[in-house]
Amino acid sequence: MASKRPRGTKKPKNYKEEDSDDDFDIPRNTATPKASTSKKTSLKPKKSKSNKENVQKANDSIPWLDRHPFQPKNNNIAYSSCHLLHFLRNRSFGTTPPFWQDQSVNNPLMSINQKLQVYKSYMDFDRRVTALAWHPENQNVVVVCAKSGDIVLWDFENEKKLAFINGTGANGSIQALKFDYVSSDLAYTASVNGTVACHDFTGRREENIFLNTWDLNHWYTSLDLLDKNTLMVGDNKGQATILSTDGSVLWGAKLHKQKITHLECCPSNSHYIISASVDRTTKVWDVRSLKSQKSCLYTLEHEAPVNSAYFSSTGNCVLTTDQKMELRVYAGPSFALMQKIPHPHRHFQHLTPIKAIWHPLRDIIVVGRYPDKEFPAPFESELRSIDFFDSANGKLLHQHIARDLSNKIVSLNLFNRTGDQMLSAAGMYAYLWKPRFPEQKREKANDSGKNDDNDDDDDDDDKDNDDSSKKKRKRKPSKKLDMEKDLNKKTSRSKKVSK
């Protein structure tokens with residue numbers, strides 16, 4: 001047996017222990033921790049004291065675009081991410097994307113809307129613009145209507161008036177215009193002169209008047225097509241009338257106590273229509289059960305008269321604009337109030353009523369701003385802009401301001417079907433907006449640079465021509481040359497005399 005070192009004695013420097021019977025012991029992989037004076041650090045993460053800390057950590061770890069009360073319970077990246085690709089993935093698999101992924105789709109769309117600039121403008125009216133419409137077939141053609149009753153079919157790409165219909169004057173204001181579903185050459189109008197008429201832009205047919213009140217105190221204010229064979233109009237008495245496209249009256253009844261300001265058919269289901277009125281109500285109707293005021297499906301009460309009520313492109317939401325400073329969003333199918341958005345757009349007698357609209361691709365609200373001192377939290381030198389709101393949370397996404405329109409109130413806005421062009425009305429002028437990307441600016445700069453180079457070449461050619469013309473001209477002899485010649489002659493004579 002090997003002798004063991006007694007306890008309490010120090011180990012010498014060159015000391016080596018002899019082999020023992022412990023060679024067959026199983027080696028342990030655990031490492032002994034180094035001795036330190038600091039406190040021991042635990043390898044496991046600290047447990048949160050309450051559930052609020054867990055929720056806060058989840059919020060910080062996910063790049064939220066908009067805070068939402070429902071937090072993700074699934075740890076899957078495709079569920080908790082806000083990336084557009086994960087949104088498309090969930091849609092392709094048939095699962096409904098969560099709220100935060102649905103909001104991420106607004107980002108690429110708003111990046112295009114922020115680049116909108118005035119492309120063309122129409123300024124030939126002597127009275128303010130009251131109605132706008134896009135041509136159903138040609139996306140380069142729009143219709144602009146004025147308070148004087150004038151209607152112009154305008155090709156903004158070629159800057160041509162394809163058709164112009166003269167109005168009746170001050171009492172001929174066009175309140176609404178809709179194209180026919182079958183023939184794009186026909187359009188129906190509701191006017192302040194008390195008529196509902198059909199116009200032919202080709203000029204082959206004369207104006208066909210369907211309804212006429214023959215009363216200066218009774219006029220038509222709104223119009224929309226229910227299908228390809230019928231249309232519905234409303235007047236300033238709260239009366240609604242359904243007509244055929246031939247002009248025959250099919251039905252009529254009083255739906256509101258006061259003037260009907262807006263009528264629209266649901267884009268996803270033509271059986272449902274919505275009406276807005278000055279009596280501070282917006283009502284949803286079923287055309288199949290129209291009888292009287294009590295036959296409405298839903299009545300949406302407001303605190304002020306309502307200018308307009310629009311269905312979203314999917315028909316799931318309704319957007320209303322009152323005459324003071326409030327926008328409302330109602331969610332279907334029960335049309336419960338979802339959002340109240342404060343916004344300055346007060347009503348003025350000599351101003352076309354401001355109406356908020358939907359973007360055709362997303363549930364984004366587009367409305368012109370009319371600054372008001374009574375609006376909550378106003379600020380000095382507030383500009384008259386075009387505002388973009390998110391209907392889901394009422395957040396202001398963008399406030400669009402153009403140099404030419406900073407002092408003008410934009411009352412009406414209307415996007416085309418693809419959502420890349422916008423038509424606006426401000427006073428007597430109509431403006432066409434298009435997005436302008438940095439690549440287009442570079443191309444224009446390059447084209448201008450090439451033109452400048454060509455101009456320089458032309459200048460060089462002109463200089464060469466000028467030099468050649470100067471050479472061709474005969475130069476007049478100077479006085480110094482004449483004096484030198486006389487001296488040379490005199491010297492030559494003196495030499496001859498001396499010889």
Side-chain angles (χ1 to χ4, degrees), residues 127-132 145 147 173-176 190 192 217-224 233-240 255-264 273-284 293 296 298-311 317-330 335 337-358 365-378 382 384-389 391 394 396 408-414 424-427:
R127 296 179 184 271
R128 55 184 169 89
V129 178
T130 55
L132 301 171
C145 307
K147 186 183 177 183
S173 177
I174 304 296
Q175 297 295 297
V192 172
N217 297 322
H218 186 196
W219 64 87
Y220 293 97
T221 58
S222 54
L223 177 146
D224 197 11
V233 295
D235 59 15
N236 65 331
K237 304 292 184 180
Q239 184 89 7
L255 301 183
H256 286 271
K257 296 178 181 178
Q258 297 180 20
K259 179 174 69 173
I260 298 176
T261 56
H262 188 82
L263 280 174
E264 191 189 36
I273 59 173
I274 192 167
S275 60
S277 175
V278 179
D279 62 2
R280 302 186 178 186
T281 60
T282 298
K283 295 183 179 182
V284 182
Q293 297 184 20
C296 68
Y298 299 97
T299 301
L300 311 177
E301 301 286 344
H302 290 71
E303 298 177 0
V306 186
N307 280 338
S308 63
Y310 288 98
F311 282 105
C317 296
V318 170
L319 171 64
T320 63
T321 310
D322 68 357
Q323 294 185 0
K324 286 191 176 180
M325 53 182 70
E326 191 176 69
L327 306 174
R328 292 193 179 191
V329 180
Y330 295 89
F335 295 100
L337 181 60
M338 188 172 68
Q339 288 292 335
K340 281 185 179 181
I341 304 174
H343 182 265
H345 53 264
R346 66 186 184 275
H347 181 74
F348 184 59
Q349 181 180 2
H350 302 290
L351 178 70
T352 301
I354 297 175
K355 299 180 180 181
I357 63 163
W358 293 105
I365 302 170
V366 184
V367 60
R369 177 180 288 265
Y370 185 14
D372 189 0
K373 294 181 180 179
E374 298 180 359
F375 185 72
E382 186 177 2
R384 300 169 178 179
S385 60
I386 301 174
D387 299 339
F388 292 79
F389 287 94
S391 62
L396 179 62
K408 295 180 181 179
I409 301 170
V410 180
S411 300
L412 303 176
N413 296 289
L414 188 63
S424 300

**OP:** Considering non-hydrogen atoms only, spot the tightest contact between Pro344 and Pro371 and give its length.
**Re:** CB-CA, 4.3 Å
**OP:** Classify the angle between the aromatic ring planes of His345 and His343 as parallel (below 30°), tilted (30 to 60°) or perpendicular (above 60°).
**Re:** parallel
Under a 4.5 Å cut-off applied to non-hydrogen side-chain atoms, are [X] and [Y] in contact?
X: Glu303; Y: Lys340; value: yes
X: Gln175; Y: Val192; value: yes
X: Ser391; Y: Gln339; value: no

[atom1]-[atom2] distance between [X] and [Y], expressed to the nearest 0.5 angstrom:
X: Leu412; Y: Ser424; atom1: CG; atom2: OG; result: 8.5 Å
X: Leu300; Y: Lys283; atom1: CG; atom2: NZ; result: 10.5 Å
X: Leu319; Y: Tyr310; atom1: CG; atom2: OH; result: 9.0 Å

For [X], which residues count as a side chain to side chain donor-acceptor pair (under 3.5 Å) partner, sequence neighbours excluded?
X: Ser385; answer: Asp387, Gln399
X: Thr261; answer: none
X: Gln323; answer: Asn307
X: Tyr330; answer: Arg328

Considering residues at least two apart in sequence or located in another chain, which fulfil the side chain to side chain contact (heavy atoms under 4.5 Å, CB included) criterion with [X]?
X: Arg280; value: Pro305
X: Lys324; value: Ala304, Asp322
X: Asp224; value: Lys178, Glu264, Cys265
X: Lys257; value: Asp279, Gln293

Original post:
side-chain contact (heavy atoms from CB on, under 4.5 Å) with Phe335: which of Thr282, Val318, Ile274?
Top reply: Val318
Original post:
Knowing that exactly one of Lys355, His302, Glu326 qualifies, which makes a side-chain contact (heavy atoms from CB on, under 4.5 Å) with Thr320?
Top reply: His302
**OP:** List the steps, then state whether side-chain contact (heavy atoms from CB on, under 4.5 Å) holds for Asp372 with Met325.
**Re:** CA-CA 9 Å; Asp372 189 0; Met325 53 182 70; 3.5 Å; yes
**OP:** Could you list the residues that satisfy salt bridge (charged side-chain N to carboxylate O under 4.0 Å, His left out) with Asp235, not counting sequence neighbours?
**Re:** none
**OP:** For Cys317 and Trp358, run side-chain contact (heavy atoms from CB on, under 4.5 Å): C-alpha distance rounded to whole Å, both residues' side-chain angles, the deciding distance at 0.1 Å, then the answer.
**Re:** CA-CA 10 Å; Cys317 296; Trp358 293 105; 3.9 Å; yes
Set of residues satisfying ring pair (Phe, Tyr, Trp, His ring centres under 6.0 Å) with respect to [X], sequence neighbours excluded:
X: His256; result: none
X: Tyr370; result: none
X: Phe311; result: none

Subject >> Check against side-chain contact (heavy atoms from CB on, under 4.5 Å), Val367 and Ile354 >> reply: CA-CA 7 Å; Val367 60; Ile354 297 175; 3.9 Å; yes
**OP:** Give a yes-or-no answer on whether the side chains of Thr299 and Glu301 include a donor-acceptor pair shorter than 3.5 Å.
**Re:** no
